[in-house]
Participant: 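Please see the structure below; I have some questions.
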There are 2 protein chains.
Amino acid sequence: MSPQPRLTKNQDLVFRVLVDAETPLSAYMILDQVREFGIRAPLQVYRALDKLQSLGVVHRLESLNAFVACARADCQRHEMVAFAICDKCRHVSEFSDAQVKAYLDNWMVGAQFLANQTAIEIRGTCRACTR
Amino acid sequence: MSPQPRLTKNQDLVFRVLVDAETPLSAYMILDQVREFGIRAPLQVYRALDKLQSLGVVHRLESLNAFVACARADCQRHEMVAFAICDKCRHVSEFSDAQVKAYLDNWMVGAQFLANQTAIEIRGTCRACTR
DNA sequence: CAAAAAACTGTAATGCTATAACATCAAGAA
DNA sequence: TTCTTGATGTTATAGCATTACAGTTTTTTG
């Protein structure tokens, strides 16, 4: 489950909380859960999150100011990923669509725009909450 | 320039600031610019922004916690819009790609996900800042 | 190995972003 | 008119994120 470079204690604590979570968690929600393990300040959480994001094992959901563990077994970096976020139950589906990526890439080539990072977040209601 | 329903004073003030801006502005940056016209509290700005967003004439950039006036002349259509945000000069290019929309729609149909709102934000470096 | 460099940790203080709660006012519909 | 809806104004507070400073551990490399 753990990614390549051995995580430090703080990173591992934060990562485990996210892996166990069923919904995205804010940094402060994470903090609440790791306080009992010695982490006391928001910055300690944010630093761990930064590292985990750079490893590609955690994603930030911009529209929620929250974080999720990567859903894919093979967490590759710099790939284009999209999220469908249910506003009722907060469940998040992560998916990767090569064709969406291809079309956005195409636009970027045309505009001569060098992309670092792409956020695709769809807010709505999931199947389970519709019925 | 102004949209259908006549804007109220506060809405108009906020909208004008965004139209004149060359980069996305946070609610508090907007507040700084409308203080001289009598707006004093963040909530007054947020309320105006909410209304302008629902009219479709202002977009929120989730990854920046900031707002931009809609770049398109015909703002009425509430299509899927994407943003390319330059991290160097903060310039934002707004574009709409029917193909991307089609593929995301396709995914949503498959997953039986009812979408309300979609955010597509590409962070990187624009053409002008590359050279 | 020892020195240097890089990465991680801890803490306090602060700043930025957004909303809750309450009271009031203005405009249009019944 | 009376009712309803939407906008306004203000204060207080909640929630999210970073700066600054100090110290420690781990890794690199000469």
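Each chain gets a letter, A, B and so on, in the order its sequence line appears, and its residues count up from 1. What you see below is based on every heavy atom in this structure, not just the backbone, and it leaves out hydrogens, waters and symmetry mates.
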Participant: Quick test of your reading: applying ring pair (Phe, Tyr, Trp, His ring centres under 6.0 Å), list the pairs with at least one residue in residues 107-131 of chain A, sequence neighbours left out, ordered by first then second residue.
Facilitator: A/Trp107-B/Phe95
Participant: Are the aromatic ring centres of B/His59 and B/Phe83 under 6.0 angstrom apart?
Facilitator: yes
Participant: Shortest non-hydrogen contact from A/Pro24 to A/Leu61?
Facilitator: CG-CD1, 3.6 Å
Participant: What is the 5' to 3' range of DNA chain D, first to last nucleotide, that sits under 4.0 Å from any heavy atom of chain B?
Facilitator: D/dA7 to D/dT11
Participant: Could you report the tightest heavy-atom contact between B/Thr125 and B/Lys88, atom names first, then the distance?
Facilitator: CG2-NZ, 3.9 Å
Participant: What is the minimum heavy-atom distance between A/Asn65 and A/Arg60, and which atoms define it?
Facilitator: OD1-NH2, 3.0 Å
Participant: Ignoring hydrogens, what is the shortest heavy-atom contact between A/Glu62 and A/Ala119? Give both atom names and the distance.
Facilitator: CG-CB, 4.2 Å
Participant: Tell me, please, which residues at least two apart from A/Tyr46 pass ring-ring contact (aromatic ring centres under 6.0 Å, His included).
Facilitator: none
Participant: In degrees rounded to 10°, what angle is found between the helical axes fit to the five outermost pairs at each end of the helix from C/dC1-D/dG30 to C/dA30-D/dT1?
Facilitator: 40°
Participant: Indicate for each nucleotide in nucleotides 10-20 of chain C, in 5' to 3' sequence, whether protein heavy atoms under 4.0 Å reach the base (B), only the sugar-phosphate (S), or nothing (-).
Facilitator: BBB----BBBB
Participant: Would you call A/Arg16 and A/Asp20 a salt bridge, using N to O less than 4.0 angstrom?
Facilitator: no
Participant: Mind checking what makes side-chain hydrogen bond (donor to acceptor under 3.5 Å, both in side chains) contact with B/Glu121, not counting sequence neighbours?
Facilitator: B/Ser63
Participant: Looking at every non-hydrogen atom in both residues, tell me the closest pair between A/Arg90 and A/Asp87 and how far apart they are.
Facilitator: NH1-OD1, 3.4 Å
